[in-house]
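Below: the structure, in structure tokens.
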Amino acid sequence: MWRHSEHYLTIMTPEQLIALDQQHVWHPYASMDNPPPAYPVASAHGVRLTLADGTQLIDGMASWWCAVHGYNHPHLNAAMTKQIADMSHVMFGGITHVPAVTLAKRLVDMTPAGLEKVFFADSGSVAVEVAIKMALQYWHSKGQTNKQKLVTIRNGYHGDTFGAMAVCDPVNGMHSLFAGVLPQHHFIAAPPMGFDRPLETVDLDELESTLQQHQNELAALILEPIVQGAGGMRFYSPAWLKAAADLCKQYNVLLIADEIATGFGRSGALFACDHADVSPDIMCLGKAITGGTMSFAATLTTTEIATSISRGEASCFMHGPTFMANPLACAVANASLDLLEQTDWKAQVNGLNQALKQQLEPALALEYVEDVRVLGAIGVVQVTDPVDLGKIQKMLVDEGVWVRPFGKLVYVMPPYVMSPQDLALLCQGMLRALATYFKEPHDPTH
Ligand SMILES: *Cc1c(COP(=O)(O)O)cnc(C)c1O
């Protein structure tokens with residue numbers, strides 16, 4: 001029997017909630033066959049999540065790069081409340097509104113020069129689909145209908161829809177499962193690791209030979225600039241990015257910068273492309289764009305690309321999501337930009353950077369730690385063996401921290417507003433959980 005949600009709220013204990021969740025609700029990349037229990041969160045405030053049983057956890061994940069200003073921020077809440085009173089949503093076909101226009105203008109002003117046309121979508125993966133379609137439609141409008149393939153770097157992550165999945169790392173992204181339906185693109189080795197690593201000419205050889213050989217069928221190079229996120233938490237040098245961007249120009253291939261994880265300051269620059277002074281032809285934004293409140297994304301491109309697409313066979317760009325430029329999301333995105341401007345995000349990120357280095361680098365001495373790397377407000381501890389997530393998750397929660405490792409990567413990208421005291425608690429909790437985990441014997445097959 002269908003019941004009112006209030007009814008459930010009054011009768012459900014945390015245990016019942018977890019049991020129903022396991023029975024009916026799918027979680028990200030999760031099994032539904034005896035799924036591990038999820039932690040019920042009752043509320044979130046500042047840098048802390050409060051579980052249903054009252055336990056507080058310091059949040060090291062910023063809800064996957066998003067909640068840069070912390071949770072429940074009064075300025076973001078006020079912007080949403082005000083917008084709800086005007087309109088939560090209205091279709092975008094033939095209609096426009098102040099939140100969308102204001103946001104577009106602000107994004108154009110803050111992103112690298114040349115990006116002047118903004119397409120709003122509802123999630124990062126869709127922004128990537130839009131970027132790929134823009135590149136293909138651009139070349140089509142130029143009469144270069146063979147330019148339909150992409151080139152990308154291994155260890156990438158661009159989202160879970162089909163177009164995006166086809167440029168994710170083929171191994172991590174389990175391309176073999178979808179071999180029959182995924183478009184086949186060109187993959188080159190990821191750039192060598194290290195933000196400060198000096199560039200050697202051989203580092204660009206594979207990209208150059210691929211561009212040279214396939215330029216007539218290549219529409220774009222798509223990559224995550226400087227920081228490869230979910231595909232391996234790897235950092236590479238601005239010099240490589242700059243050289244890659246130059247090669248794209250030389251071989252008449254567009255550059256798509258997927259800044260969905262890196263955008264809005266996370267890497268220490270407002271956009272990761274800024275480290276290399278690179279203006280991509282197309283840029284994808286998402287995640288932190290609404291300060292962690294709502295699903296929203298944007299794809300920006302140049303006037304040349306937008307105009308050319310619009311003069312092509314279709315006379316328009318062939319995409320238009322139902323919730324395009326959702327006013328509520330635009331309003332809170334504007335409020336999030338207010339906070340970035342007002343709070344000196346750069347000082348916050350630099351402060352976190354120093355503290356993360358200080359807290360995490362000593363872990364390099366531990367036998368189960370393979371590497372420690374820190375860039376901007378991102379700290380990564382790479383361990384020697386892939387961790388058993390269910391096991392280590394509980395140890396992390398027992399230490400009072402919310403960190404969600406994958407494989408050998410135990411990493412944090414905290415809200416920018418985290419105090420030095422809380423950051424120390426977070427890092428110490430994470431390292432203590434790792435110590436506990438690696439003290440116990442493990443079945444290496446798990
Ligand atoms: C998260 C992410 C995406 C996908 O965004 P969703 O909102 O999850 O669809 C795409 N690219 C990068 C670099 C990301 O980090």
Side-chain angles (χ1 to χ4, degrees), residues 26-30 61-68 111 119-135 150 152-170 172-174 182 185 187 190-191 220-236 241 255-267 269-273 275 278 280 282-300 319 321-326 329 332-333 336 375-378 380 404 406-407 409 411-413:
W26 224 306
H27 284 260
Y29 288 93
M61 303 303 290
S63 284
W64 281 332
W65 314 88
C66 297
V68 291
T111 50
F119 190 100
F120 290 119
D122 27 25
S123 77
S125 300
V126 175
V128 169
E129 299 288 333
V130 164
I132 295 171
K133 283 174 74 172
M134 279 180 181
L150 303 167
T152 190
I153 55 185
R154 288 181 192 273
N155 291 99
Y157 178 77
H158 297 284
D160 290 341
T161 53
F162 275 91
M165 192 166 53
V167 285
C168 290
D169 186 88
N172 295 338
M174 295 285 280
L182 280 188
H185 297 304
F187 288 85
L221 165 64
I222 180 168
L223 47 70
E224 297 157 277
I226 308 297
V227 178
Q228 296 189 286
M233 300 301 290
R234 299 170 90 259
F235 311 141
Y236 64 91
L241 179 61
L255 175 62
I256 302 174
D258 179 350
E259 293 246 12
I260 290 167
T262 47
F264 306 102
R266 179 58 70 179
S267 74
L270 191 52
F271 300 97
C273 281
H275 287 294
V278 157
I282 301 173
M283 180 185 268
C284 302
L285 300 174
K287 290 202 162 103
I289 193 170
T290 59
T293 55
M294 294 188 59
S295 179
F296 193 62
T299 306
L300 281 74
H319 211 98
T322 305
F323 277 84
M324 186 167 181
N326 171 249
V332 71
S336 178
L375 182 73
I378 311 165
V380 184
R404 182 94 176 143
F406 69 83
L409 302 166
Y411 62 100
V412 290
M413 55 273 202

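Ligands are counted one by one from 1 in listed order, and the atoms in each one are counted from 1 as well. What you are looking at is a predicted structure, and each value in this text was computed from that prediction instead of being measured.
- Taking only nitrogen or oxygen atoms, main chain and side chain alike, S125 reaches within less than 3.5 Å of ligand 1.
- Ring to ring, F323 and F296 are not that close: their centroids are 6.0 angstrom or more apart.
- Counting protein heavy atoms only, atom 11 (N) of ligand 1 is closest to D258 OD2, 2.7 Å.
- For ligand 1, the atoms lying closer than 4.0 Å to a non-hydrogen atom of G159 are 4 (C), 10 (C).
- Using a 4.0 Å cut-off between heavy atoms, W65 makes no contact with ligand 1 at all.
- Screening C284, S123, C168 against V128 for a side chain to side chain contact (heavy atoms under 4.5 Å, CB included) leaves a single residue, C284.
- Looking at K287 against ligand 1, only its side chain comes within 4.0 Å, counting heavy atoms.
- Test L285, V126, V130 against T299 for side chain to side chain contact (heavy atoms under 4.5 Å, CB included) and you get one pass: V130.
- A distance-only check finds a donor-acceptor pair linking the side chain of E259 to the backbone of A272 [under 3.5 Å].
- When the options A257, G124, A230, S295 are ranked by their closest heavy atom to atom 7 (O) of ligand 1, first place goes to G124.
- Ring geometry for H319 against F119 counts as perpendicular: the plane angle is over 60°, on a 0 to 90° scale with 30° as the lower cut.
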